[in-house]
Amino acid sequence: CRIKKNGIDLGLPAYDSFIRYTGIPSIEKINPQLIIFLAETLYVYDYFNEIINKNKNIKHLIQSETAFSPLNVFFQLSLKKSIKVYSRLGTDKFSVRIYNNLNQKYFYRANISNKLLNEVHNNFASKCYKEIRKYYYNLNKKGFFGQDLRIRKKIKNKFEMINKKKLLKIFNWSPKKKIVVFFLNHLIDVNFHSGPRTIFKDNYTWTKFLLNKITKIKNVNWILKDHPSQPFYKARLNFENKILELSKKYDHINSFNKTWNPLSIKNFSDIAITSHGTAGIEYPSFGINSLYVENSFYSNVDIIKKIDNKKILLKKLNNLNKEINLSENKIKKENTFLYI
């Protein structure tokens, strides 16, 4: 993952592509497939570099995807050669991000600057709050909250709403304990969209670590929430059996039933934990605290601070029962960020 050539990352997109296209979410040792992905990435570096050097008049590049090999290599090389890159975010409704500097290579398309956030928040906080609440109201009404919209449209069944009282009864939990929801990331996607990882090698390694750790953290109750896309884009290694095993073996650990509406989570959760997923910014906008450990599309803004090392993470995990509620100003700022 640290292999570079002339300032262009090549090992990282090679490993990212290996995970994505083989469906193997993590490996411990170099294998022949990974060597092939690295060889292809080295090849496309030379190929694109030659094209750009021969065509000095190229000033603009329109490119939807900025991750994975070969496109990530073309993206990096273009920025290094001062070629502006235009990349879209969204499907039926979309925005366009303009990249013009190699320093932006790990700014995901949904990243915004802290300066923009503060300017909008200071001038339009009330409007942002009103509009984002309206957006979520419509999302909730359609039954789309917390789901992959492309997949949800194909599912006909209705999901059941669960309130806290019912949840406590189902799991036989005490109302005195906080409820922590662990949102599992998609194992073969968005591993390195925000660049090199801070603590854990990939989504799989992070998930394995936390699932092993929570068996001993009994001062809170745990709900394990699988990623909504995971059943449809299964990794060749996943945690379905592990989650089932933990739910049966430990009284303080249970899984989120696939027939329940994800909207229910707002009714009973006290803390949301994710590697770097949307839950880390979305749930705080509803007043629910969150912890996250890797670079994300919201880690560069001054709202929820990223956990930077394993020592701090372990301390946080062991003291989840003491986590304080979010301030009103922080909640409002989350709403402004989501509105933008």
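This one's a predicted model, so the numbers in the text were calculated from it and none came from an experiment. Numbering of residues begins at 1 and proceeds along the displayed sequence.
- Applying the ring pair (Phe, Tyr, Trp, His ring centres under 6.0 Å) rule to Y106 yields no partners; only residues at least two apart in sequence or on another chain are considered.
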N/O donor to acceptor pairs below 3.5 angstrom from side-chain atoms of residues 266-273, sequence neighbours left out:
residue: S269; atom: OG; partner: I265; partner atom: O; Å: 2.8
residue: D270; atom: OD2; partner: I179; partner atom: N; Å: 2.7

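- Within the structure, every pair that satisfies the salt bridge (Lys or Arg N to Asp or Glu O under 4.0 Å) test and touches residues 41-57, not counting sequence neighbours, is listed here: K5-D46, E50-K54.
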Could you go through residues 29-36 and list every donor-acceptor pair under 3.5 Å that involves a side-chain atom there, pairing it with any protein atom two or more places apart or in another chain?
residue: N31; atom: OD1; partner: Q33; partner atom: N; Å: 3.2
residue: N31; atom: OD1; partner: L34; partner atom: N; Å: 2.8

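- Take H193 and apply the ring pair (Phe, Tyr, Trp, His ring centres under 6.0 Å) test, not counting sequence neighbours, and it matches F68, Y108.
- Other members of the hydrophobic cluster containing F48, listed by chain and number, are I3, I8, L10, L38, L42, Y43, V44, Y45, Y47, I51, I52, I58, L61, V73, F74, F75, L77, L79, I83, V85, Y99, L102, F107; membership follows side-chain contacts under 4.5 Å among ILVMFWY residues, whether direct or relayed.
- Residues meeting the side-chain contact (heavy atoms from CB on, under 4.5 Å) test with I340, sequence neighbours left out: I112, L116, L117, V120, T336.
- In terms of the side chain to side chain donor-acceptor pair (under 3.5 Å) criterion, residue partners of S275 (sequence neighbours excluded) are, by chain and number, R197.
- In this view, Y86 and H60 satisfy the ring pair (Phe, Tyr, Trp, His ring centres under 6.0 Å) rule, not counting sequence neighbours.
- For Y129, the ring pair (Phe, Tyr, Trp, His ring centres under 6.0 Å) test picks out no residue, with sequence neighbours left out.
- The hydrophobic side chain of L71 is isolated, with no ILVMFWY side chain under 4.5 Å apart from it.
- For residues 174-185, no pair satisfies salt bridge (Lys or Arg N to Asp or Glu O under 4.0 Å), with sequence neighbours left out.
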